[in-house]
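Each remark here refers to the structure printed beneath this line.
Start at 1 and go down the list; that is how both ligands and their atoms are numbered. Everything numeric in this text was worked out from a predicted model, so none of it was measured.
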Amino acid sequence: MLDPSRILQRCDALARHSELPDGLTRVFLSPQGRAAGELVLGWMREAGMQAGLDAIGNAVGRYEGERPGLACLMLGSHLDTVRDAGKYDGMLGVISAIECVALLNAEKKRLPFAIEVVGFGDEEGVRFGTTLLGSRAIAGTLDPRVLEAKDAKGISIAEALRQFDLNPKEVPGVARKKGAILAYVELHIEQGPVLEAENLPVGVVTAINGFSRLRVSLRGEAGHAGTVPMKLRRDALAAAAECVLAVERLARAQPELVATVGRLEAKPGAINVIPGEVQFSVDVRAPEDAAREQAVAAARTEIALISESRSIGFEIETLQELGSSACAPWLMAQLERAVRAEGLRVLRLPSGAGHDGMAMKAIADIAMLFVRCERGVSHNPAEAISAEDAGTGAKILYQFIHDFRPELPA
Ligand SMILES: [Zn+2]
């Protein structure tokens, strides 16, 4: 039997591995990430899988099919979190997949394909500002130069991997061969209010919106807050404030596009000093790649104009860019069959948030099942789901796995 209460208990257990005493923050390659990974590997083994960390720090479990070495259906989600996160975003997908394998194992069922469950180490990108490291490594699209990216303390990913007893030189070996993954399917909380409004426990995802992430650096001149007249100032923070509002204005002008400045740092950061340097992030997402590209270009122009009008030096770096990722119709059809088997109406919806499927698409067809969360809240400690919905999601995932038939290339 699938055990919904065990799924939620395990989400609780993972949430205890946190940097915060009364909240959840667990970033890539942290001691808390290590502990969470070990917990997950233990559950995988208990469910009959061979399990271990790969060289980029993903927790990977494998349940062989009718004979060893078959291509796999890959299921998974991520184990890292945003700051002050909820306990289901990511973890629910990993734990639900393990629960499904545990049931197959208990029933001594072997399928005509292997199943792999992956708890990706870095999806959110909180620590190094660059996302999807785990899934990009598996898909074989991780540029090794990315491993030089540094966290706020100046520690590079490569260094952090070594501190984690992993060898950064082995990261390219994490990449799978074409054909080794029959499909990638992820169960995830919706992170939005649509399913609740439709009174449905689950929905089938059509596509994951594309995104662009920029880092903007503005350089003015620091000076005494008391002695430098307003006219003679080159205040980098005042310029940044204009830029933030320009980004918001651009996004509001496009119906399906969203843009966010989520991080801003002013230096030297003293009450009596004019800010001389500012760095801020820009995150732009849209279902249509052309609309997103246009908005990013417009944002770059606005930032340039604002900076020039204030004699501020500026630099705009693209940290990451990914086009929107369509889910495969053949996989959606199989998921929808499993949804209907539960007596539920099928609702299709796009994903406004990014997911590992965006990276996995480079190596396999992808699909996603969304599970309703209360009030659509995520990236927040108030994130909640019901045991009933967790159970329904896992049941549908199990049915999908059980009946899964790969679409072989013609
Ligand atoms: Zn997530």
Side-chain angles (χ1 to χ4, degrees), residues 7-8 10-11 14-15 17-18 23-28 30 32-33 36-37 40 57-59 74-98 117-136 138-139 184-195 202-205 207-211 213 258 260 262 283 285 320 322 324-325 327 349-361 366-385 389-390 393-394 397:
I7 294 174
L8 297 191
R10 287 181 168 180
C11 289
L14 281 178
H17 295 289
S18 167
L24 174 55
T25 299
R26 191 170 58 236
V27 301
F28 185 39
S30 60
Q32 298 78 22
V40 165
N58 297 319
M74 192 173 271
L75 308 167
S77 194
H78 58 96
L79 296 175
D80 66 324
T81 74
V82 292
R83 296 207 179 279
D84 211 10
K87 56 192 172 190
Y88 304 107
D89 177 353
M91 284 67 83
L92 182 71
V94 180
I95 293 168
S96 299
I98 295 172
V117 179
V118 184
F120 292 107
D122 171 79
E123 190 267 350
E124 301 284 8
V126 169
R127 180 165 175 192
F128 296 98
T130 170
T131 63
L132 307 174
L133 290 169
S135 44
R136 282 194 281 160
I138 287 184
Y184 172 73
V185 178
E186 177 165 346
L187 177 151
H188 199 284
I189 58 164
E190 181 202 352
Q191 302 181 273
V194 177
L195 290 173
V202 296
V204 174
V205 176
I208 306 169
N209 288 353
F211 70 91
R213 283 184 159 185
V258 290
T260 307
D283 175 303
R285 305 181 196 213
Q320 215 181 342
L322 260 179
S324 70
S325 307
C327 292
L349 73 174
S351 170
H355 296 288
D356 286 295
M358 303 170 95
M360 291 304 294
K361 202 171 169 15
I366 62 161
M368 288 190 79
L369 182 72
F370 272 172
V371 176
R372 165 170 60 190
C373 53
E374 276 175 28
R375 293 178 297 120
V377 170
S378 79
H379 284 197
N380 185 315
E383 194 176 282
I385 64 166
D389 286 359
L397 185 64

> Does any N or O in the side chain of E186 come within less than 3.5 Å of the main-chain N or O of H355, such that one atom is a donor and the other an acceptor?
Replying inline: no
> Can any side-chain N or O of Y184 pair as donor or acceptor with the backbone N or O of G76 at less than 3.5 Å?
Replying inline: yes
> How about the Zn ion (ligand 1), which protein N, O or S atoms come within less than 2.8 Å?
Replying inline: H78 NE2, D89 OD1, H188 NE2
> What pairs of residues pass the salt bridge (Lys or Arg N to Asp or Glu O under 4.0 Å) test when at least one of them lies in residues 370-381, not counting sequence neighbours?
Replying inline: R372-D389
> Between R213 (side chain) and T131 (backbone), is there a donor-acceptor pair under 3.5 Å?
Replying inline: no
> Does E383 have any side chain to side chain donor-acceptor pair (under 3.5 Å) partners at least two apart in sequence or in another chain, and if so, which?
Replying inline: none
> What salt bridge (Lys or Arg N to Asp or Glu O under 4.0 Å) pairs are there with at least one residue in residues 75-89, not counting sequence neighbours?
Replying inline: D12-K87, E19-R83
